[in-house]
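To start, the structure itself, in structure tokens.
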There are 4 protein chains.
Amino acid sequence: MGHDFHTNQPIYLQIIQRLCRQIIRGELGAGDKLPSVRELAVQMGVNPNTVQRVYSEMERLQVAETKRGLGTFVTEKESRLKQLREELMTEQISSFISDMKEMGFTASEIVEGVRKTLEHE
Amino acid sequence: MGHDFHTNQPIYLQIIQRLCRQIIRGELGAGDKLPSVRELAVQMGVNPNTVQRVYSEMERLQVAETKRGLGTFVTEKESRLKQLREELMTEQISSFISDMKEMGFTASEIVEGVRKTLEHE
Amino acid sequence: MGHDFHTNQPIYLQIIQRLCRQIIRGELGAGDKLPSVRELAVQMGVNPNTVQRVYSEMERLQVAETKRGLGTFVTEKESRLKQLREELMTEQISSFISDMKEMGFTASEIVEGVRKTLEHE
Amino acid sequence: MGHDFHTNQPIYLQIIQRLCRQIIRGELGAGDKLPSVRELAVQMGVNPNTVQRVYSEMERLQVAETKRGLGTFVTEKESRLKQLREELMTEQISSFISDMKEMGFTASEIVEGVRKTLEHE
DNA sequence: GTGGTCTAGACCACC
DNA sequence: GTGGTCTAGACCACG
């Protein structure tokens, strides 16, 4: 079992996130084959139902495609992958900033906080 | 009803978050009285039990104190409030950065992304 | 306010306990006058209703007596006070031992634990 | 209904206490499955919500762990269980001793009282 | 009036 | 099946 039980985010979302990140990092490229449902289920120490859900969801997001009898693959549309990278980045940043503002932090506090945290690593 | 139904975060956590943000923004100061359980329940369009849970949790976090028969109050320990502000800020920033890194973004991409997004507002 | 708000035991019981302990320690002797309801209420930072309850309860326990127009006094029956001391001690010890046994500690573990804790003070 | 109504301690605390004692007595071992919420609710003659609260609290104390969709289990960390035993013992003893001292009993009176009471059983 | 606990019963996501 | 959350409405002790 390679996933984190301690968080309360649904396991299938954790797995989707992990796969998407591998994709935008380039570890998984357009058209690459994803593990079979059963394989990934074993790898992750998870019920096959859960993996099934992961793949359905990724298909809905047009990030993966299922070819009947062959398996599930990263979409072949490279443009969709670039778009995905942008989407995830923008989404992440805006939600971060809006949260910080809601907590009353100023723009400069935010930039400084991020810079310092990145330095100290 | 003033809370978000479209998110999957439990209502009581949403309310805690909202109150904590009001506190660290300084809208609620040390020692201030919080609304009574029943009052807040009406304000939020929520069951009193849910608010009860909010206040219990905030007391556990030492952000609120309850005085029997009198009501629930923001803690009188100013230091705890400063600490809370730091905690929430650090927590927010680190989780943001670790997410971004996991997606393969570099430190400079992150800082730039944040700076640009803040400018365009 | 000289009492402890942090515990969840009712305030009136805390006050009764405190008074009884002063009595069996001999700080308050048989026949001594107790403070008036209003006085004690101010001393303790507590509502007079609460003190009223304290005195009623102590009267029920035959530890205090109220003389109309004069005030409330520690009972004059010295024997009752000795008895009280014994009662409280026995009660305390038996409930302690039965708790420890219920937790699976042996007689010798209990005696040793108590001895050691008393030494290290 | 298997719990004490005649005490003023909340039912959920009584149940936690009972479970913790079973654990430190070794009747429930590390990793053992606890009854499901609904099961225990029936056993105890109590509402499922009350048991829910018991399990949440025990998880917060790191005495229990819940596995989504599977159930609630005694923590697998044996060290935590040893620690729990120590904690409960120390807690019990110190509160007993401080109570006795506050009542004016001397160290030797305390030790003797405990020894004698244990002999007469 | 306040918070604290409890029951009854519901719906949800997850495995 | 499991735990997690929520509503509705009740009763209690306390100040």
Side-chain angles (χ1 to χ4, degrees), chain A residues 1 3 5 8-15 41 44-54, chain B residues 1 3 5 7-15 33-41 44-59 64-73, chain C residues 1 3 5 8-15 41 44-54, chain D residues 1 3 5 7-15 33-41 44-59 64-73:
Chain A
M1 42 181 92
H3 57 79
F5 267 130
N8 49 3
Q9 199 182 26
I11 293 177
Y12 80 96
L13 284 181
Q14 293 178 38
I15 299 177
M44 294 278 160
V46 148
N47 192 298
N49 285 337
T50 306
V51 176
Q52 187 54 59
R53 193 165 184 169
V54 167
Chain B
M1 41 184 94
H3 57 269
F5 271 127
T7 177
N8 50 0
Q9 201 183 26
I11 297 176
Y12 78 94
L13 287 180
Q14 293 176 38
I15 298 178
K33 185 175 186 315
L34 295 169
S36 84
V37 169
R38 291 155 180 82
E39 236 174 77
L40 189 52
M44 296 301 222
V46 150
N47 188 284
N49 275 333
T50 304
V51 176
Q52 181 64 48
R53 187 166 186 175
V54 166
Y55 283 171
S56 311
E57 197 65 15
M58 288 178 70
E59 188 164 18
E65 289 165 355
T66 88
K67 297 182 184 166
R68 244 199 294 241
L70 296 178
T72 305
F73 301 79
Chain C
M1 38 182 94
H3 58 80
F5 267 131
N8 49 5
Q9 198 182 28
I11 293 176
Y12 78 96
L13 285 181
Q14 294 177 38
I15 298 177
M44 294 277 162
V46 148
N47 192 298
N49 285 337
T50 306
V51 176
Q52 188 55 59
R53 194 164 186 170
V54 167
Chain D
M1 40 185 92
H3 54 78
F5 270 127
T7 176
N8 51 359
Q9 201 183 26
I11 297 177
Y12 77 95
L13 287 180
Q14 294 177 38
I15 299 178
K33 187 175 187 312
L34 295 169
S36 84
V37 169
R38 292 155 179 81
E39 236 173 78
L40 189 52
M44 296 301 221
V46 150
N47 188 284
N49 275 333
T50 303
V51 176
Q52 181 64 49
R53 188 166 183 175
V54 166
Y55 283 171
S56 313
E57 197 64 15
M58 288 179 70
E59 187 163 19
E65 288 164 355
T66 87
K67 296 182 184 165
R68 244 198 296 239
L70 296 180
T72 305
F73 301 79

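As a basis for the values below, the full set of heavy atoms in this structure was taken, side chains included, without hydrogen atoms, waters or symmetry mates. In the text below, chain A, chain B and the rest are named by the order of the sequence lines, each starting its count at 1.
Using a 4.0 Å cut-off, no side-chain N or O of D/T66 falls inside it from OP1 or OP2 of F/dT2. Close to F/dG3, at under 4.0 Å from its OP1 or OP2, lies no side-chain N or O of D/S56. The shortest distance between the side-chain N/O atoms of D/S36 and the OP1/OP2 oxygens of F/dT2 is below 4.0 Å. One finds a side-chain N or O of B/T50 lying less than 4.0 angstrom from the OP1 or OP2 phosphate oxygen of F/dT7.
Atom-to-atom, CD of D/Q52 to C1' of F/dT7 comes out at 16 Å; the value is rounded to the nearest Å. If you measure from atom CD of B/E59 to atom P of E/dT2, you get 17 Å, rounded to the nearest angstrom. Rounded to an integer number of Å, the gap from CD of B/E65 to C1' of E/dG4 is 17 Å. Atom NZ in D/K33 sits about 9 Å away from atom C1' in F/dG1, given to the nearest Å. For D/I11 and F/dA13, the CD1 to P distance is 14 Å, given to the nearest whole Å. Going from atom NZ of B/K67 over to atom C1' of E/dG3 covers 14 Å, rounded to whole Å. Note: CD (B/Q9) to P (F/dG4) measures 16 Å, nearest angstrom. One interatomic measurement links the two molecules: CG of D/L34 to C1' of F/dG1, which rounds to 16 Å at whole-angstrom precision.
Nearest heavy-atom pair, B/A64 versus B/T72, reported as atom, atom and distance to 0.1 Å: CB-CG2, 4.0 Å. Closest non-hydrogen pair, D/K33 versus D/F73, comes out as CA-CD2, 3.5 Å. Of all non-hydrogen atoms in D/V54 and D/Y12, the two that sit nearest each other are CG2-O, 3.5 Å.
Residue D/T72 is in sugar-phosphate contact alone, with no base atom involved, counting any heavy-atom pair closer than 4.0 Å across all strands shown.
Nearest-nucleotide assignment on DNA chain F puts the 5′-proximal partner with D/G71, out of D/G71 and C/R53.
Of all nucleotides listed (F/dT2, E/dC15, F/dC6), F/dT2 comes nearest to the side chain of D/E39. Closest to the B/R38 side chain, of the nucleotides E/dC15, E/dT2, F/dG15, is E/dT2. Distances were taken from every side-chain heavy atom of D/Y12 (C-beta onward) to each of E/dG4, E/dC14, E/dC6; the shortest belongs to E/dC6. Each of E/dC6, E/dG4, F/dG3 was ranked by its minimum atom distance to the side chain of D/Y55; first place goes to F/dG3. The side chain of D/N49 has E/dG9 as its nearest neighbour among E/dC14, E/dG9, F/dT2. For B/L70, counting side-chain heavy atoms from C-beta on, the closest listed nucleotide (F/dG15, F/dC6, E/dC14) is F/dG15.
Figure legend. E/dC11 is base-paired to F/dG4; pairs are counted as Watson-Crick or G-U wobble with both atom distances under 3.5 Å.
No side-chain heavy atom of B/V51 sits less than 4.5 Å from a side-chain heavy atom of B/M44. For the pair B/S56/B/Q52, a side-chain contact is recorded, criterion being any heavy-atom separation below 4.5 Å from C-beta on.
For D/Q14 (side chain) and D/Q9 (main-chain N/O), a donor-acceptor pair under 3.5 Å exists by modelled atom type.
Within 3.5 Å, no donor on the side chain of B/N47 pairs with an acceptor on the base of F/dG9, nor the reverse.
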